[in-house]
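The block underneath contains the structure these notes are about, expressed in structure tokens.
Both ligands and their constituent atoms are indexed starting at 1 by order of listing. Residues: numbered from 1 along the sequence shown.
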Amino acid sequence: ARPDALPRDLEGVHVAVSAGGTREPLDPVRYLGNRSSGRQGWALARVAAQRGARVTLVAAHTADLVTPAGVDVRRVGSALELRDAMHAVAATADVVVMAAAVADFRPVDLVEHKIKKTDRDPDPVALTRNPDILAELVAARRPGQVVVGFAAETGDASTSVLEYGRAKLKRKGCDWLVVNAVGDGRAFEVEDNAGWLLSADGAETPIPHGSKARLASAVWDAVAPSVER
Ligand code: CTP
Ligand code: CA
């Protein structure tokens with residue numbers, strides 16, 4: 001849709017969105033990363049700004065994306081940096097969206113100098129769990145603040161994408177969970193749906209297959225009326 005055709009239903013609302021994939025440092029030149037492009041978080045930020053929100057975008061590593069007009073971008077690297085940035089912005093945000101692909105694990109040690117190869121086999125890399133930032137943001141939620149999480153699920157023989165989504169919504173305690181069906185089973189299992197938008201009050205809205213901008217619009221259509229102002 002043309003920006004001037006969009007509703008201005010996020011006027012006066014401060015939205016914080018995380019996007020992209022975190023990079024967990026191993027030494028000064030190496031990291032553990034993931035393939036997230038950041039495009040979905042970018043679309044959520046861009047559409048929110050077009051609908052009148054003040055938007056802060058906390059960006060981990062992304063593809064080479066153009067900063068959306070009128071959006072304040074803060075760059076972070078690791079999950080721990082993303083955590084600090086999200087807690088800082090969540091202190092004033094009305095809506096918090098965790099679209100980032102946060103690494104579940106990070107190397108225990110950040111080696112100070114570049115690891116050198118020797119004649120011996122390398123040591124294994126010891127990993128530790130990263131904090132669950134979404135769960136922390138839910139625990140720190142201010143009255144009236146709306147928290148939105150994302151989940152990409154494949155489903156398996158015993159459990160469908162939707163069932164995994166429902167369980168994750170409960171476990172995380174967020175107000176909304178955007179469940180994306182991914183992987184090979186997608187077409188068979190979800191027909192023309194790219195996923196669902198699950199609400200903590202039990203509402204389940206199918207999201208039709210479409211662009212990331214369309215998905216972003218569907219999310220804001222549902223979330224905007226629930227924002228107190
Ligand atoms: N998330 C987070 N902090 C983490 C891991 C995930 O805030 N350490 C957020 C993601 O940004 C997303 C949601 O939690 O909004 C769900 O992420 P997902 O990876 O699907 O869930 P996990 O709890 O990590 O479970 P699993 O990967 O085992 O499915
Ligand atoms: Ca995970």
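Side chain of Glu153 to main chain of Ala181: no donor-acceptor pair is present (N/O by atom type, distance under 3.5 Å, no hydrogens or angles). With hydrogens and angles disregarded, no donor-acceptor distance shorter than 3.5 Å links the side chain of Thr56 to the backbone of Asp72.
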Measure and list all N/O to N/O distances between ligand 1 and the protein that fall under 3.5 angstrom.
{"residue": "ligand 1", "atom": "3 (N)", "partner": "Ile133", "partner atom": "N", "Å": "3.0"}
{"residue": "ligand 1", "atom": "7 (O)", "partner": "Ile133", "partner atom": "N", "Å": "3.4"}
{"residue": "ligand 1", "atom": "7 (O)", "partner": "Leu134", "partner atom": "N", "Å": "2.7"}
{"residue": "ligand 1", "atom": "8 (N)", "partner": "Pro131", "partner atom": "O", "Å": "2.8"}
{"residue": "ligand 1", "atom": "11 (O)", "partner": "Met98", "partner atom": "O", "Å": "3.4"}
{"residue": "ligand 1", "atom": "11 (O)", "partner": "Ala100", "partner atom": "O", "Å": "2.8"}
{"residue": "ligand 1", "atom": "14 (O)", "partner": "Lys172", "partner atom": "NZ", "Å": "3.2"}
{"residue": "ligand 1", "atom": "15 (O)", "partner": "Met98", "partner atom": "O", "Å": "2.7"}
{"residue": "ligand 1", "atom": "15 (O)", "partner": "Phe150", "partner atom": "N", "Å": "3.0"}
{"residue": "ligand 1", "atom": "15 (O)", "partner": "Phe150", "partner atom": "O", "Å": "3.3"}
{"residue": "ligand 1", "atom": "20 (O)", "partner": "Lys168", "partner atom": "NZ", "Å": "2.6"}
{"residue": "ligand 1", "atom": "21 (O)", "partner": "Lys168", "partner atom": "NZ", "Å": "3.2"}
{"residue": "ligand 1", "atom": "23 (O)", "partner": "Lys172", "partner atom": "NZ", "Å": "2.8"}
{"residue": "ligand 1", "atom": "24 (O)", "partner": "Asp104", "partner atom": "OD1", "Å": "3.1"}
{"residue": "ligand 1", "atom": "27 (O)", "partner": "Asp104", "partner atom": "OD2", "Å": "3.4"}
{"residue": "ligand 1", "atom": "29 (O)", "partner": "Lys168", "partner atom": "NZ", "Å": "2.8"}

(request) Could you give me the CA-CA distance, side-chain angles and deciding distance for Thr154 and Asp156, then say whether side-chain hydrogen bond (donor to acceptor under 3.5 Å, both in side chains) is met? (result) CA-CA 7 Å; Thr154 61; Asp156 54 40; over 6 Å; no
(request) Applying side chain to side chain contact (heavy atoms under 4.5 Å, CB included), run through Val178 and Leu215 and close with a yes or a no. (result) CA-CA 9 Å; Val178 184; Leu215 187 140; 4.0 Å; yes
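Taking the side chain to side chain contact (heavy atoms under 4.5 Å, CB included) definition, one finds that Ala203 meets it with Ser199, Asp201, sequence neighbours left out.
Salt bridge status for Arg51 with Asp9: present, with a side-chain N to carboxylate O gap under 4.0 Å.
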